[in-house]
Amino acid sequence: MAFMLQLRIAGQPVLIDADLVQAVIRVGRLHPVPAVAADVAGLITLRGAVITVIDPAVMLAGERSPPAEQERVAIVVRLDGHAYALLCDAAEEVFELAGDGFDPPPPGLAPAWARVATGTAVAEGRRLAVIDPLRLVPQPAAALPVDEMA
Amino acid sequence: MDDLLAEFLAESAENLEGIATDLVRWEERPDDRALLDRVFRVVHTIKGTCGFLNLPRLGLLAHSAEGPLARARNGAAVPGPEFISTMLATIDAIRALLNALGDDGREPAGDDSALLARIAAVGADVGVVARTTQDRRAPSPAVAQRAASSVRISLSLLDQLMESVSELVLARNSLVQLCGPRLDGPMASALERLTTSVTEVQDCIIRTRMQPIETLYAPLPRMVRDLAAELGKHVRLELEGGGTELDRQLIEAIRDPIAHMIRNAVDHGLETPAVRRAAGKSEEGVVSIAAHQAGGQIVIELADDGRGLDVERLRARVIELGLRPMADAMRLTPAAARQLIFEPGLSTAAEVTAISGRGVGMDVVRSNIDRIGGSVEVDSSPGAGTRFVIRLPLTLSIVPALLVQAGGQGFALPQASILEVVRIRGATRVEPIAGRAMLRLRDAHYPAVGLAEALGLAPAGEAGFAILVRPGALAAFAVLVDALVDQEEIVIKPVAPAVAATGLFSGAAVLGDGQPVLVIDLAGLAQRSAIAENRDERREAPVADADAAEALILFDTGDGIQRAMPAALIARVEPVAPGSMQFAAGRAMLVRGEAAIPVARAPGLAPADAAQVLILEHEDRRAAFPIKAVRDIVSASIRVDRPAAGGALVGTAMLDGIVTEILDPFWYLTEAEANGATPLRGTVLCLMQGGWASLLLRPALESAGYRVIVADPAALDRIARPDEGLDAILCDDDGAAKLGAMADYKDVPVVRVGGASAGDRAGIVAAVLAAGGRR
């Protein structure tokens with residue numbers, strides 16, 4: 001564990017391994033995607049690439065984050081060759097975590113949080129959940145081709 | 001050292017692929033020493049390099065194989081199949097070692113003594129087993145001697161380059177849009193220069209990604225040989241059009257389907273020699289692949305001369321497996337029933353063989369080909385063989401797309417699947433039939449899908465346009481949209497799995513204005529809208545004469561009539577260089593350097609007025625077809641509304657709402673050639689109202705050797721009599737009345753056309769000939 005990024009996601013302060021974050025960006029208007037799962041907030045373009053914007057609040061809090069008046073902060077991560085922007089309430093700061101500052105996640109977390117939390121660490125005197133941002137990316141069950149079901 | 005090793009691995013892999021093919025060919029043509037020379041050289045080079053790189057196991061294999069090869073090369077004996085098989089096995093072993101070397105960076109340990117013994121045994125058959133001692137030499141200089149006209153580039157670099165160029169194209173598009181439509185001055189010319197070079201770079205990079213389809217062919221001779229040996233069949237593999245180039249990505253995408261289809265052809269398609277003999281066929285079965293480019297598509301034909309598809313067994317199998325209700329399956333025409341071979345879960349082989357396996361069937365082949373925007377069809381006649389036709393787009397990277405508006409949002413549809421775009425009004429309307437919305441278009445009905453509704457968006461009022469599409473091998477259907485926005489070349493990028501899971505989007509792209517757009521997956525849309533079951537009627541729907549979509553070149557000949565020819569026979573479009581159109585003995589030739597191409601008599605345009613020519617080519621025949629300008633290249637399924645009876649005109653069809661004459665390039669090729677022998681007979685004045693004279697009579701008269709002047713009777717007094725005189729006047733009643741009042745034309749024979757005789761073109765031409773219209 002080296003550098004951690006402190007964020008606020010779905011109303012909660014969390015820590016994320018900074019190495020997994022490609023960029024912290026501001027997103028404005030989202031291009032909507034029809035007929036898609038609620039996690040997918042829309043599309044944006046970034047340096048010529050199309051990026052899928054994910055609203056982690058759907059997975060973590062069970063509801064979409066309230067529509068923002070202004071641009072919102074998002075972190076860009078890559079998974080299986082696709083880039084995703086994960087909407088955050090705020091990105092706070094980056095700090096270096098001492099080698100022994102990392103503990104396993106506590107028992108009794110809400111199921112959604114338990115799925116994404118990899119541990120806890122102390123930042124600014126508070127113990128925060130460390131989460132794996134890649135687990136916030138919705139993975140549809142490998143859909144059987146319709147043909148196979150005929 | 002690492003670089004050297006990587007170079008050695010890459011080069012050896014390529015060479016080994018090639019020599020496996022060479023060995024198999026050499027077996028067929030033992031006299032062709034060049035083939036064996038090449039095999040020897042490659043093995044020798046590998047051996048030499050192994051010594052240099054300290055790879056003893058590989059070196060020993062190569063070294064052992066070299067001896068027998070050298071003796072075979074010296075013609076000591078003609079080696080039998082065991083020799084070839086052993087050498088192929090050695091190549092496989094070397095290849096496996098090279099792969100392991102590539103993965104781990106070092107030569108794996110292992111024991112090759114069985115193979116070495118086999119090599120020694122065949123070596124003994126070929127000649128005296130004597131270890132050649134000339135081999136402790138420096139590495140072969142072959143690596144260094146490679147011609148410097150090409151360099152090796154890593155694929156990832158090429159992909160990266162392609163991506164950058166795609167971005168460049170998009171940046172250029174944004175720039176053009178930002179600058180607005182009314183731009184002039186230095187900015188405009190700078191932008192134009194940018195556009196020109198971006199287009200050039202794009203062309204170049206697309207070319208670098210092209211690979212000859214040969215790379216796909218390379219492993220096939222070996223595979224067919226092994227298969228044939230295993231099955232006890234005699235098979236000749238014919239490979240054609242290996243030079244046809246297509247996008248590397250496409251080659252990769254069809255590699256497995258092609259191999260699978262070839263395996264099928266050998267295993268299931270071809271009969272055993274005994275059966276073939278009994279059927280009066282040659283014992284040797286033929287499996288062939290031919291590739292060529294036709295318009296904007298690559299067409300790959302894969303054929304065998306085996307037993308053909310058993311349509312009734314296909315039907316029975318489909319019913320037995322419960323893949324289709326019986327009534328459904330029985331209702332299919334034989335042509336449609338043959339397509340059942342692509343049905344998921346179907347295997348036609350009575351026994352499952354080790355070779356073609358089970359489970360992986362033609363359905364996988366089709367879905368692989370569908371996925372890259374291609375299509376596959378099958379044709380077969382019992383006892384005579386089976387033929388598959390695969391059609392593929394030229395490139396995947398940059399595709400033209402139609403941008404549409406639905407439910408207040410923009411979407412892109414790939415042009416390749418679009419047959420036609422029509423405005424919904426008048427007789428073209430959407431009406432419900434048995435609860436399903438149908439687009440009525442020219443007396444045919446197509447299932448219609450409202451795009452907004454299918455995407456769960458609120459439709460913004462009545463749909464304004466219908467887009468007739470045929471994705472892959474599905475039946476045509478109509479996509480209803482609110483408005484058309486634009487056409488743009490887009491670079492389609494894959495969407496995230498969460499978005500792909502909707503089954504409605506095949507990708508996303510960045511538009512010129514920097515905004516993202518989703519690309520509609522038309523096959524998915526059909527499936528989601530439950531119109532996919534129309535699939536069995538594909539190729540039959542909606543009317544019997546509907547043909548597969550074909551690339552058409554639309555052009556002007558200056559008389560305001562839109563004409564089109566299938567692009568397949570048009571080699572290219574060329575501007576007419578000044579002075580290149582020359583006239584001799586009453587006919588035009590297009591002169592280019594030493595060669596002269598006969599010029600066809602285009603309807604409505606004298607060769608001298610041509611601005612461009614379409615170069616028609618078929619086999620060794622060539623003709624130049626004069627035109628004013630190319631209007632468009634469209635992919636459309638031509639439905640000939642009014643088929644013409646022979647002649648240059650295939651018929652008329654509606655394209656983009658415009659009546660279009662579809663011309664037959666074969667007719668013009670023949671005509672241009674024949675004209676070489678037919679001198680100009682004379683000049684005929686066609687004095688008639690309306691366009692049909694020029695439409696129908698002109699080509700017929702022209703092909704009979706007449707120059708034709710078409711004039712409206714009302715304008716008779718304004719046309720100058722041609723210098724060469726008139727040989728006949730064709731006129732209707734109006735024209736005759738007008739003519740009677742003019743003294744100038746008293747000496748010219750008149751042929752009256754009207755009433756029932758008006759449609760009889762051959763009769764009219766005969767009458768003109770009889771009227772003395774002959775010099």
Side-chain angles (χ1 to χ4, degrees), chain A residues 22 25-59 64 71 74-87 133-150, chain B residues 163-164 166-171 174 321-324 342-345 363-364 366-367 370 406-411 451-457 491-505 507-511 513-520 523-524 527-528 532-533 535:
Chain A
Q22 307 231 312
I25 58 169
R26 302 195 152 269
V27 298
R29 208 173 61 79
L30 300 178
H31 185 87
V33 180
V36 80
D39 306 75
V40 178
L43 303 177
I44 53 165
T45 58
L46 183 66
R47 289 188 289 275
V50 180
I51 293 182
T52 310
V53 182
I54 305 296
D55 185 356
V58 174
M59 182 186 286
R64 289 196 171 202
E71 294 189 327
I75 56 169
V76 178
V77 297
R78 280 194 87 82
L79 179 63
D80 298 333
H82 294 280
Y84 298 89
L86 307 176
L87 289 176
L134 301 182
R135 295 191 195 166
L136 292 170
V137 174
Q139 287 295 329
L144 272 180
V146 175
D147 275 349
E148 301 290 328
M149 301 192 291
Chain B
E163 214 161 281
S164 307
S166 302
E167 293 315 327
L168 195 60
V169 171
L170 296 174
S174 309
L321 293 170
L323 299 173
R324 289 292 183 94
F342 299 113
E343 203 79 0
D363 58 322
V364 177
R366 186 172 70 183
S367 67
D370 277 358
Q409 207 180 321
F411 296 96
L451 187 54
E453 293 90 329
L455 297 177
L457 299 171
V491 180
I492 299 184
K493 296 173 179 174
V495 280
V499 177
T502 59
L504 292 165
F505 309 111
V510 183
L511 296 178
D513 60 4
Q515 287 304 306
V517 69
L518 285 159
V519 184
I520 300 292
Q527 206 133 44
R528 278 279 295 241
E533 61 265 34
R535 195 160 72 177

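Letters A, B, ... mirror the listed sequences (proteins, then strands); counts begin at 1.
Proximity of A/Val36 to B/Phe505: side-chain heavy atoms (C-beta onward) are nowhere separated by under 4.5 Å. With contacts defined as side-chain heavy-atom distances shorter than 4.5 Å, the pair B/Leu518/A/Pro34 qualifies.
Shortest non-hydrogen contact noted between B/Pro516 and A/Val50 is CB-CG1, 4.3 Å. Nearest heavy atom pair, residue A/His82 against residue B/Pro497, reads CD2-CD, 3.7 Å. The shortest non-hydrogen separation linking A/Pro32 to B/Gln409 is O-NE2, 2.7 Å. When all heavy atoms of B/Gln515 and A/Thr45 are compared, the pair lying nearest together is C-CG2, 4.0 Å. Pairing each heavy atom of B/Leu504 with each of A/Ala35, the nearest pair is CD1-CB, 3.7 Å.
Heavy atoms closer than 4.5 Å to chain A are found in the side chain of B/Leu457, but not in its backbone. Only the backbone of B/Ala509 has a heavy atom closer than 4.5 Å to any heavy atom of chain A.
In this view, A/Arg64 satisfies the salt bridge (Lys or Arg N to Asp or Glu O under 4.0 Å) rule with no residue, not counting sequence neighbours.
Annotation: maximal heavy-atom pairing with chain A below 4.5 Å, among B/Thr502, B/Val510, B/Val499, occurs at B/Val510.
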